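I have placed the structure first, in the form of structure tokens, so that the comments after it can refer back to it.
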Amino acid sequence: MGAHHLEFKGRDIISIEDFSQAEINHILNVTAQMEPYAKGGSDLLKGKILATLFFEPSTRTRLSFETAMLKLGGSYIGFAEPDVSSARKGENLADTIRTVENYADVIALRHSLEGSAKLAAEFSKVPIINAGTGAEEHPTQALIDLYTIRKEKGKLDGLKIALVGDLRYGRTVHSLAYGLAKYNVELFLVSPETLRMRKDVIQGIKNRIPVAENVNLEKIIPQLDVLYVTRIQKERFLDAAEYAKVKGAYRVDLKAIEKAKKDLAILHPLPRVDEIAPEVDNTPQAKYFTQVWNGVVVRMALLSLVLGAVS
Ligand code: CP
């Protein structure tokens with residue numbers, strides 16, 4: 001399947017920055033080829049085992065990785081919270097990885113600590129996939145977002161995209177911003193003052209694409225092609241009073257999208273709390289549950305690539 005000069009077998013997926021535009025395009029192309037397997041099943045990864053080690057809560061990422069493995073004929077092991085693992089007895093991450101690599105061919109890791117996926121990869125003989133590290137990165141979600149945008153809009157280049165919400169603690173927007181900066185897009189950042197995009201991320205993308213910071217959503221909504229909304233990451237706030245100040249600071253409802261293009265794509269990595277009103281779910285612009293389905297297909301592609309079942 002596809003271009004043979006790109007090597008994915010045995011690779012870790014730690015940061016979206018580890019991948020060139022050509023490599024991302026290849027992942028998205030392999031994802032498109034996985035669509036029939038996602039619907040009809042396959043034996044592509046028969047005999048292979050995925051370990052899902054989730055030290056933080058998840059619905060989509062863990063279940064879609066496991067679903068992806070089952071649809072490819074493989075199996076999975078793992079835990080959904082650290083309290084049922086020997087981490088509870090004080091075992092460190094390096095020893096956990098050096099144990100699980102004996103059981104599985106690939107490991108998907110979610111952890112609250114930034115740098116934990118990189119550390120795991122240093123100790124692991126099998127590929128490590130970062131399934132979300134603290135407020136740092138969530139590279140597979142960014143690939144889902146890029147796949148969804150490309151599928152909905154037919155392209156990535158030339159689009160006007162707004163990232164809305166918690167741009168400081170939302171790891172998905174960090175990975176997505178880095179991913180989008182590899183294409184010719186125009187980015188608009190909309191957030192409460194205290195939740196503005198991290199400086200290191202801004203600096204990493206600003207010399208590559210036009211980025212407008214501190215934008216008023218109402219003013220720019222008519223020109224947007226994609227509206228990417230995120231939840232305020234309550235669990236990352238050190239101070240409950242700080243969270244209380246920004247809670248409910250923005251909400252996308254029917255009025256907010258009144259002047260939007262008919263083919264605007266509204267995305268959200270989910271979970272949502274109250275930042276998108278349920279009334280928006282029934283509009284043709286709402287694509288966040290399509291995004292959920294795409295999550296299975298993208299993860300099927302990633303597992304097949306790092307395990308060398310496709311190239
Ligand atoms: N989008 C996402 O990472 O969702 P979960 O936290 O439910 O995995």
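Not measured: the values here are computed from a predicted model. All ligand and atom numbering here is 1-based and tracks the order in the structure.
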Salt bridge check, R251 against D274: does any charged N sit closer than 4.0 Å to a carboxylate O?
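No, D274 and R251 are not salt-bridged.
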
Axial cation check for F65 ring with R299, 6.0 Å and 45° limits
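The answer is yes; both the distance and angle limits are met.
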
Please list all pairs passing the salt bridge (Lys or Arg N to Asp or Glu O under 4.0 Å) test where one or both residues lie in residues 162-172, with sequence neighbours left out.
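Matches after skipping sequence neighbours: E56-R171.
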
Please tabulate, for the side chains in residues 213-222, all donor-acceptor contacts under 3.5 angstrom to protein atoms that are two or more places apart in sequence or on a different chain.
| from | atom 1 | to | atom 2 | distance (Å) |
| --- | --- | --- | --- | --- |
| E213 | OE1 | R196 | NH2 | 3.4 |
| E213 | OE2 | K206 | NZ | 2.9 |
| N216 | OD1 | E218 | N | 2.9 |
| N216 | OD1 | K219 | N | 3.4 |

Distance under 4.0 Å, heavy atoms only, partner ligand 1: which residues pass?
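If the criterion is a heavy atom under 4.0 Å, then ligand 1 touches S58, T59, R60, T61, R110, H138, Q141, P269, L270.
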
List in chain and number order the residues that pass side chain to side chain contact (heavy atoms under 4.5 Å, CB included) with R272, two or more places apart in sequence or in another chain; answer none if no residue qualifies.
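So R272 forms a side chain to side chain contact (heavy atoms under 4.5 Å, CB included) with H268, L270, E275, I276, D281, Y288, F289.
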
Short side-chain donor-acceptor distance under 3.5 Å, D145 and T148
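Their side chains do not contain a donor-acceptor pair, so the 3.5 Å distance test is not met.
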
